[in-house]
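Here the structure is a predicted model, which means the values were calculated and not measured.
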Amino acid sequence: MSANRSASADRRARVEQMRKAELARERRARVLTLTVSGAVVAGLVGFGAYVLNEESEERQRQEAAAKAPVRDEKSWDAKELGRDHVTQTVAYPMKPPVGGDHHQAWMDCDGAVYKEPVPEVNAVHSLEHGAVWVTYNAKAPKDAVETLEKKVARTPYTMMSPVEEQSGAIMLTAWGKQVTVDGADDPRVNQFLAKYVQGPQTPEPGAACTGGLNGTAK
């Protein structure tokens with residue numbers, strides 16, 4: 001009888017010991033879960049703050065670039081640039097033209113990449129709407145042209161086309177503004193875009209860049 005009571009007590013002790021061990025494992029699992037969850041949340045919060053901070057700094061850089069003068073930029077008096085609609089070709093005094101009388105139809109300029117030259121009288125109308133026109137000739141490196149095509153394709157109120165007669169290999173033009181850059185990675189590319197895409201020089205801000213001529217857009 002005594003032996004049975006002793007065996008029963010031993011079983012209860014082992015069961016109690018196993019129960020305590022199981023509870024301890026559960027507590028450790030909960031602590032580990034909470035610790036990992038906390039670390040993940042903290043990481044996400046930290047990453048989100050980092051992304052927001054980076055975006056804020058990028059906006060600040062763009063705003064600062066838009067306020068700063070563009071090195072070696074050429075400017076024309078907007079008041080001296082005609083804005084009449086014409087049906088004939090116009091002999092513009094610069095290549096590419098920075099403004100002047102133009103055709104009533106504009107070139108699509110919502111990130112349009114044209115593989116062939118576009119009519120100047122239509123492109124000038126796009127400038128009037130606040131577009132930036134990126135142009136290049138045979139002197140421009142192929143990789144630079146491809147990089148700029150990708151940039152233009154994802155930038156509203158821009159267009160790109162070849163202009164063989166222009167003096168520089170790569171040029172950017174807005175209404176009354178123009179600059180020749182050294183390549184696709186020239187910081188003036190982003191600066192010019194930030195400053196003049198629908199910028200203060202735009203004679204008709206908010207006017208459409210779609211619904212015009214499509215030409216040979218890529």
Show me the pairs that pass disulfide (SG to SG under 2.5 Å) and involve [range], at least two apart or across chains.
range: residues 92-210; value: Cys109-Cys209
range: residues 145-185; value: none
range: residues 162-207; value: none
range: residues 141-191; value: none

Residues that Lys139 engages under side chain to side chain contact (heavy atoms under 4.5 Å, CB included), provided they are two or more places apart: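 Lys139 satisfies side chain to side chain contact (heavy atoms under 4.5 Å, CB included) with Asn137, Ala169 once adjacent residues are dropped.
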Taking only residues two or more places apart in sequence or in another chain, which ones pass side chain to side chain contact (heavy atoms under 4.5 Å, CB included) with Gln104?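 By the side chain to side chain contact (heavy atoms under 4.5 Å, CB included) rule, Gln104 matches His85.
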Listed partners of Trp175 passing ring-ring contact (aromatic ring centres under 6.0 Å, His included), at least two apart: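 Counting only residues at least two positions away or on another chain, Trp175 forms no ring-ring contact (aromatic ring centres under 6.0 Å, His included).
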Under the ring-ring contact (aromatic ring centres under 6.0 Å, His included) test, residues paired with His103 that sit two or more places apart: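 Expected list: none.
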By salt bridge (charged side-chain N to carboxylate O under 4.0 Å, His left out), which residues pair with Glu146, not counting sequence neighbours?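 Residues passing salt bridge (charged side-chain N to carboxylate O under 4.0 Å, His left out) with Glu146: none at all.
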Could you list all the side-chain hydrogen bond (donor to acceptor under 3.5 Å, both in side chains) pairs where at least one residue sits in residues 152-163, not counting sequence neighbours?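 Residue pairs with at least one partner in residues 152-163: Trp133-Ser161.
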Pairs flagged by ring-ring contact (aromatic ring centres under 6.0 Å, His included) wherever residues 189-212 is involved - sequence neighbours left out: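 Every ring-ring contact (aromatic ring centres under 6.0 Å, His included) pair that includes a residue of residues 189-212, provided the two are not neighbours, is Phe192-Tyr196.
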Residues that Gln198 engages under side chain to side chain donor-acceptor pair (under 3.5 Å), provided they are two or more places apart: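 None.
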